[in-house]
Every structure is written in structure tokens, then in C-alpha cells.
Amino acid sequence: MSLQPTPVIVVAGYGPGISRAVALRFAKDKGLAVALLARTESKLKDAEEDLVAQGITAKGFPVDLADVDATRQAIESVRATLGPIHILFWNASATAKSTTLLDPSAAAALHFAYAVNVGSLVAAVHASRNDLTAARGAVLVTGGGLELDADQATKLAVAWKASSAAALSAARRRTVQLLNEEFCAEGVFVGGVTVMGVVKGTPYDDGKATIEASGVAEKFAKLLEARAAVFDSIG
């Protein structure tokens, strides 16, 4: 009798905060191998060694997630190297260089950042779709407070000169909603956790952050277990 390959969670946009916490949570709880996707090979190597030291099967796949074709190829490499993908976790994001929509360079900057926030996410879904459907798996996406369709979020985005980031975040959130609706008939869940603040231990933490990365991972675990609401939030 042949052994079944170990199912995989793909962690796209790997870093030491939320991504690491989610990788640890799902690898230990569900026995998943972990595929790490990020641009910097040396950081991937360190992350791979960190997870392997904890008894987790993990491998890094260097890729520019702004490149849609390269992202698709990376997913195919994951499937060929590690096994079938049961969970696609998207923590990758890019902020447009211009901070306001009225900045003359906004259009070009948005075009680049949209590829990471939406285009490559969709490409990764396409490349892993057969695996996700066979496993009745999931696509999980990290979001932020500026993505919310609320007057307060709009006013804050403008006040902080973060209109470009807000537009990108809103597009990603809408993509999650649409993917969940389209995937429903195939038994695949798509959902997101909106992180309303700064996570401890990340480059954005100035010592005042209050959100634990493990708490975000817990939110994702409960969201997937329930498969009911598309979104949850923390912070």
C-alpha cells in the first residue's frame, strides 16, 4: 500500500510575525507540511531551519510575488516537491509608493501593488485549485483596518495620506468575498482576518504594539473551523 503524500499549507509572504504563527499553528494542529513563499532566499532559509528544528516539514520557495507568472510557477513547484495543497495562506501585500490617489505617480504604483494584493493571489488560487477542491480546503487572507467600507476608515485613510493603501486593501477584501462565493460549490472556504493594529515583534512595532501573532493565528484557525462568516477581526 502506497503512502499518501503529506498535505501542504502554502504561506505566501512569509515573515517572523503572523506568517510564522500561522505556519506553526496549522502545521502542528493539522500535521501539514509548510511551503514558504517570499522574495529573499536567505530569510527563507532561516525560516525553513526554524520550522524544521521544531519537527515541521518545511521548504522555502524564493519568488517575487509581484510576478503573476512566477507565482503560478512557484505553486506548481510546491505541488511537485512537497505534495497537494490543502490551505493557501496569503499574507503578502504591497503598498503603493504614492500615498494619495491624487499623487501623479499613483496609477503606476497602484498597478504594481495590485499584482501582489490581488493578481498573484488569484494566480496562486488557479494553480492550486484542483488540490483545494479535492481536499475541500481553504484560502485564508490577512487584511488590515483600511480595507473596511466605513466612513471612519475612509476619513482615516485620507488623514493618514494612505488612500492608495486603502484602495488596494479594499480590492483584496472584495476578492476574498468573491472567491468564497465562487468556490462555495466546490467546497472550498475563502476567508480573512482583519488585523486592526500593529502586531508585536514585526518591523512596524515601535514597542507599543498590542496584538500577538499567535492571536491572529487563533482567529484564522477558528474561522476555518466554523466555515461560516467570511471575515473576523482582531485588535
Side-chain angles (χ1 to χ4, degrees), residues 9-30 32 34 36-38 47 50-51 54 56 65 86-95 113 116-118 121 124-125 137-157 159-160 162 165-181 183 188-235:
I9 177 172
V10 173
V11 180
Y14 188 84
I18 294 172
S19 294
R20 181 176 183 272
V22 168
L24 288 171
R25 176 62 185 263
F26 283 94
K28 292 182 176 181
D29 284 4
K30 296 184 177 295
L32 303 178
V34 180
L36 311 170
L37 271 57
D50 170 37
L51 295 176
Q54 300 186 61
I56 296 169
L65 293 172
H86 282 205
I87 298 175
L88 173 62
F89 174 60
W90 199 262
N91 194 55
S93 64
T95 302
V116 179
N117 286 273
V118 177
L121 166 59
V125 168
V139 180
L140 303 174
V141 181
T142 306
L146 291 178
E147 69 185 27
L148 299 177
D149 182 17
D151 287 344
Q152 183 180 9
T154 300
K155 292 181 184 300
L156 284 174
W160 294 343
L168 290 164
S169 297
R172 182 181 56 221
R173 182 182 180 89
R174 187 62 171 152
T175 301
V176 169
Q177 293 173 312
L178 292 166
L179 281 172
N180 185 64
E181 187 66 24
F183 253 146
V188 178
F189 174 74
V190 184
V193 172
T194 305
V195 182
M196 309 281 286
V198 179
V199 176
K200 291 182 179 180
T202 63
Y204 301 102
D205 182 7
D206 61 359
K208 299 177 182 178
T210 59
I211 300 174
E212 297 284 353
S214 59
V216 181
E218 175 70 13
K219 288 283 187 178
F220 274 114
K222 289 184 175 180
L223 193 72
L224 178 55
E225 181 180 2
R227 289 178 175 250
V230 177
F231 294 106
D232 198 354
S233 63
I234 185 171

What pair of heavy atoms forms the shortest contact from [X] to [Y], and how long is it?
| X | Y | result |
| --- | --- | --- |
| Ala166 | Ala157 | CB-CB, 3.7 Å |
| Ser19 | Gly13 | OG-O, 3.0 Å |
| Ala113 | Leu168 | CB-CD1, 3.4 Å |
| Leu65 | Ala92 | CD1-CB, 3.6 Å |
| Ser93 | Asn117 | CB-OD1, 3.6 Å |
| Ala21 | Ser214 | CB-N, 3.9 Å |

Validation: residues 195-207 side-chain donor-acceptor distances under 3.5 Å, sequence neighbours left out:
from: Lys200; atom 1: NZ; to: Glu212; atom 2: OE2; distance (Å): 2.9
from: Thr202; atom 1: OG1; to: Val199; atom 2: O; distance (Å): 2.7
from: Asp205; atom 1: OD1; to: Gly207; atom 2: N; distance (Å): 2.7
from: Asp205; atom 1: OD1; to: Lys208; atom 2: N; distance (Å): 3.4
from: Asp205; atom 1: OD1; to: Ala209; atom 2: N; distance (Å): 3.3
from: Asp205; atom 1: OD2; to: Gly201; atom 2: N; distance (Å): 3.0
from: Asp206; atom 1: OD1; to: Lys208; atom 2: N; distance (Å): 3.1

Requested in this report: Could you walk me through whether Val22 and Thr142 pass the side chain to side chain contact (heavy atoms under 4.5 Å, CB included) test, one step at a time?
Outcome: CA-CA 11 Å; Val22 168; Thr142 306; over 6 Å; no

Report summary line: Taken in chain and number order and not counting sequence neighbours, the residues that satisfy salt bridge (charged side-chain N to carboxylate O under 4.0 Å, His left out) with Glu181 are none

**Report entry** Non-neighbouring partners of Asp29 that pass salt bridge (charged side-chain N to carboxylate O under 4.0 Å, His left out), sequence neighbours left out
**Finding:** Arg25

How many angstroms lie between [atom1] in [X] and [atom2] in [Y], if you round to the nearest 0.5 Å?
| X | Y | atom1 | atom2 | result |
| --- | --- | --- | --- | --- |
| Asn91 | Leu140 | CG | CG | 11.0 Å |
| Ile234 | Glu218 | CD1 | CD | 9.0 Å |
| Leu156 | Leu146 | CG | CG | 7.5 Å |

**Report entry** Partners meeting side chain to side chain contact (heavy atoms under 4.5 Å, CB included) with Leu223 (sequence neighbours left out)
**Finding:** Phe189, Val193, Asp232

Report task. With sequence neighbours left out, write down each residue that passes side chain to side chain contact (heavy atoms under 4.5 Å, CB included) with Ser169, or none if nothing qualifies. Result -> Glu147, Arg172

Query raised in the report: What do the steps show when you test Phe231 against Val176 for side chain to side chain contact (heavy atoms under 4.5 Å, CB included), and what is the final call?
Result: CA-CA 9 Å; Phe231 294 106; Val176 169; 3.8 Å; yes

Query - Check: Phe183 and Val125 side chains under 4.5 Å, non-hydrogen atoms - result: yes

Query raised in the report: With a 4.5 Å heavy-atom cut-off, do Leu179 and Val141 have their side chains touching?
Result: no

Query raised in the report: Between Phe220 and Leu224, does a side chain to side chain contact (heavy atoms under 4.5 Å, CB included) hold up when you go through it step by step?
Result: CA-CA 6 Å; Phe220 274 114; Leu224 178 55; over 6 Å; no

Query raised in the report: Between Val11 and Arg20, is a side chain to side chain contact (heavy atoms under 4.5 Å, CB included) present by the stated rule, with each step listed?
Result: CA-CA 9 Å; Val11 180; Arg20 181 176 183 272; over 6 Å; no

Report task. Mind checking side-chain hydrogen bond (donor to acceptor under 3.5 Å, both in side chains) for Gln54 and listing every partner two or more places apart, or none if nothing turns up? Result -> Lys28, Asp50

Requested in this report: Check whether the ring centres of Phe26 and Phe89 lie less than 6.0 Å apart, and answer yes or no.
Outcome: no

Query - Criterion side-chain contact (heavy atoms from CB on, under 4.5 Å) against Val139, the qualifying member of Ile87, Leu121, Val10, Thr175 - result: Leu121

